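A quick write-up on the structure given underneath.
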There are 2 protein chains.
Amino acid sequence: MARAASTKGNTRIQRQKTTQILDAALEVFSTYGFRGSTIDQIAAQAGLSKPNILYYFDGKEAIHGVLLDRLLHTWLEPLEHLGESENPVDEICAYVTRKLEMSRDYPRESRLFANEILQGAPNILAELQGPLKSLTDEKCRLIQSWIDAGEIAPLDPHHLIFSIWSTTQHYADFDVQVKAVLGASTTDRFETAQTHLDHLFRSMLTPRRTDGI
Amino acid sequence: MARAASTKGNTRIQRQKTTQILDAALEVFSTYGFRGSTIDQIAAQAGLSKPNILYYFDGKEAIHGVLLDRLLHTWLEPLEHLGESENPVDEICAYVTRKLEMSRDYPRESRLFANEILQGAPNILAELQGPLKSLTDEKCRLIQSWIDAGEIAPLDPHHLIFSIWSTTQHYADFDVQVKAVLGASTTDRFETAQTHLDHLFRSMLTPRRTDGI
DNA sequence: ATGCACCCTGACCATTCGGTCAAGAATTTT
DNA sequence: AAAATTCTTGACCGAATGGTCAGGGTGCAT
């Protein structure tokens with residue numbers, strides 16, 4: 001009787017249609033942003049009628065909300081795994097690689113996040129200030145301990161993480177620009193980017209014998 | 001008689017109002033994107049009536065177009081100056097600094113650009129493939145010559161430029177996130193970022209004696 | 001001060017958008 | 001197979017949005 005509030009997918013059809021809708025919504029929202037997207041666009045993308053969309057979700061905002069929730073989980077996961085093996089430099093470079101792979105494999109999620117942040121993060125500000133900040137601070141302490149032990153070069157952990165986020169996500173969010181300037185195929189772009197970023201962060205992190213220039 | 005097509009500012013009032021409108025539009029467009037912004041919002045931001053806005057501009061798209069035109073010029077300018085002095089490493093680091101200052105001083109322009117690219121650059125794709133690609137390719141040849149001369153470490157010039165763009169613009173486009181994680185004041189944020197990025201690119205660019213890991 | 005070009009706006013229009021609803025179609029349960 | 005539940009949609013609604021226009025106000029040169 002009661003309509004499926006959000007992801008309440010119990011029946012076979014419910015599961016199929018909700019994922020179908022969410023996939024279409026991700027496509028649309030990640031391209032046009034929340035206010036720039038319409039339910040009709042999502043419906044067309046999903047191959048469903050508008051009322052049918054609204055049968056499964058309580059409204060445009062509800063769909064967007066579900067996408068953001070899932071996104072935050074996916075987005076934080078790689079960072080949580082940082083620091084589970086031994087070599088700090090390899091550890092951080094592995095994180096860079098993982099983030100770059102996510103830009104390659106989940107560009108829509110990256111753009112959805114970028115759109116949300118660009119507009120001032122009206123829906124996820126609390127998550128940024130809470131869970132994201134906590135996790136980031138924790139990993140920064142870990143990085144700082146590596147610095148104190150002399151295992152990596154001294155640098156600002158927070159800004160290091162910002163550099164990792166920005167350089168890797170750039171290949172998803174600014175893909176059109178990268179494509180326009182580079183003109184290479186997708187695999188080529190990401191392969192050369194991988195080599196470059198690995199070199200970048202490795203040369204930055206590896207401690208030098210002499211600290212002077 | 002004929003209405004001012006775009007920036008046709010001849011009269012005193014025309015000049016004043018058009019800049020007033022463009023400033024308001026920049027504020028709104030950079031926050032909500034093109035499709036997410038309304039003329040009413042721009043009017044309210046500018047302190048003018050909606051018909052008054054449309055008296056000076058031929059429509060929502062025309063305003064957006066003027067902003068994008070000006071933006072592209074402003075945006076390419078720093079890159080054009082790359083390579084006018086001697087020391088390559090200092091030269092590139094100066095470019096990084098300049099770009100970071102632009103993120104600090106013109107965050108709205110940066111976000112406007114990000115919004116446009118995120119949505120697939122529907123209005124400036126030609127500019128990206130033309131002028132931007134030409135200028136970038138030219139500067140990449142310059143960087144390559146520095147590499148060949150052994151003045152900077154060997155790396156992919158295109159990806160180097162992408163890294164510069166992404167790391168610097170991050171502080172404008174993702175400001176909310178940076179603020180949430182860092183919690184520092186604006187000047188603090190940009191000062192520490194400046195130190196960090198200078199260190200990052202300097203350590204990356206400075207050639208090492210031994211090329212091995 | 002008066003004529004003229006420039007400037008401004010309330011009222012209005014067509015379209016689009018988010019969302020509803022009743023009634024019919026499909027599916028599952030019994 | 002019939003009943004019960006779930007699914008689907010055409011038609012519709014009120015609000016918002018981009019844009020128009022006639023008419024009145026304002027500034028300025030002569």
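Every value quoted in this text rests on a predicted model; they were computed, and no experiment measured them. The chains referred to below are lettered A, B, ... by the order of the sequence lines, with proteins before strands, and numbering in each begins at 1.
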What parts of residues 29-53 of chain A reach DNA chain D, counting only heavy atoms under 4.0 Å away? Ser49(A), Pro51(A), Asn52(A)

Under 4.0 Å from OP1 or OP2 of [N]: is there any side-chain N or O of [X] that close?
| X | N | value |
| --- | --- | --- |
| Gln14(A) | dC7(D) | yes |
| Tyr55(A) | dT8(D) | no |
| Tyr56(A) | dT6(D) | no |

Side-chain ion pair, [X] and [Y], N-O less than 4.0 Å:
| X | Y | result |
| --- | --- | --- |
| Asp137(B) | Arg141(B) | no |
| Arg108(A) | Asp23(A) | yes |
| Asp175(A) | Arg111(A) | no |

If I take atom CD from residue Gln20(B) and atom CD1 from residue Ile13(B), how far apart are they, to the nearest 0.5 angstrom?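 Going from the CD atom of Gln20(B) to the CD1 atom of Ile13(B) covers 11.0 Å.
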
Spacing of His64(B) atom NE2 and Leu112(B) atom CG [to the nearest 0.5 Å]: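 CG of Leu112(B) is found 5.0 Å from NE2 of His64(B).
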
Would you indicate whether Glu61(A), at its atom CD, is surrounded by more than 12 heavy atoms from other residues, nucleotides or ligands within a distance under 6.0 Å? no

With a cut-off of 6.0 Å (strictly less than), are more than 12 heavy atoms of other residues, nucleotides or ligands near OH of Tyr32(B)? no

Whole-Å gap separating [atom2] ([N]) and [atom1] ([X]):
| X | N | atom1 | atom2 | answer |
| --- | --- | --- | --- | --- |
| Phe57(B) | dT20(D) | CZ | P | 15 Å |
| Lys17(A) | dA25(C) | NZ | C1' | 12 Å |
| Gln20(A) | dC7(D) | CD | C1' | 13 Å |

On a heavy-atom basis, which atom in Ile124(B) and which in Phe113(B) lie closest, and how many Å separate them? CD1-CE1, 3.9 Å

Where the side chain of Leu54(A) is defined as all heavy atoms beyond and including C-beta, which of dC6(C), dC7(D), dT20(C) is the nearest nucleotide? dT20(C)

Nucleotide nearest Lys60(B) when distance is taken to its side chain, options dG19(C), dG18(D), dT6(D):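 Nearest to the side chain of Lys60(B) among the choices is dG18(D).
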
What I want to check is whether the side chains of His159(A) and Thr192(B) have a donor and an acceptor closer together than 3.5 Å. yes

Any side-chain donor paired with an acceptor under 3.5 Å for Ser85(A) and Glu91(A)?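 Ser85(A) vs Glu91(A): donor-acceptor pair found between side chains.
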
Below 6.0 angstrom between ring centroids: does that apply to His196(A) and Phe201(A)?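 No, the ring of His196(A) stays outside the 6.0 Å limit from the ring of Phe201(A), centre to centre.
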
Counting primed atoms plus P, OP1 and OP2 as sugar-phosphate and everything else as base, spell out the protein contacts along nucleotides 22-30 of chain D at 4.0 Å heavy-atom distance: B, S or - for each nucleotide, 5' to 3'. -----SS--

Sort by first number and list every stem of DNA chain D: at least 3 consecutive Watson-Crick or G-U wobble pairs, both distances under 3.5 Å.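 Consecutive-pair runs (3 or more) involving DNA chain D: C:1-30 with D:1-30.
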
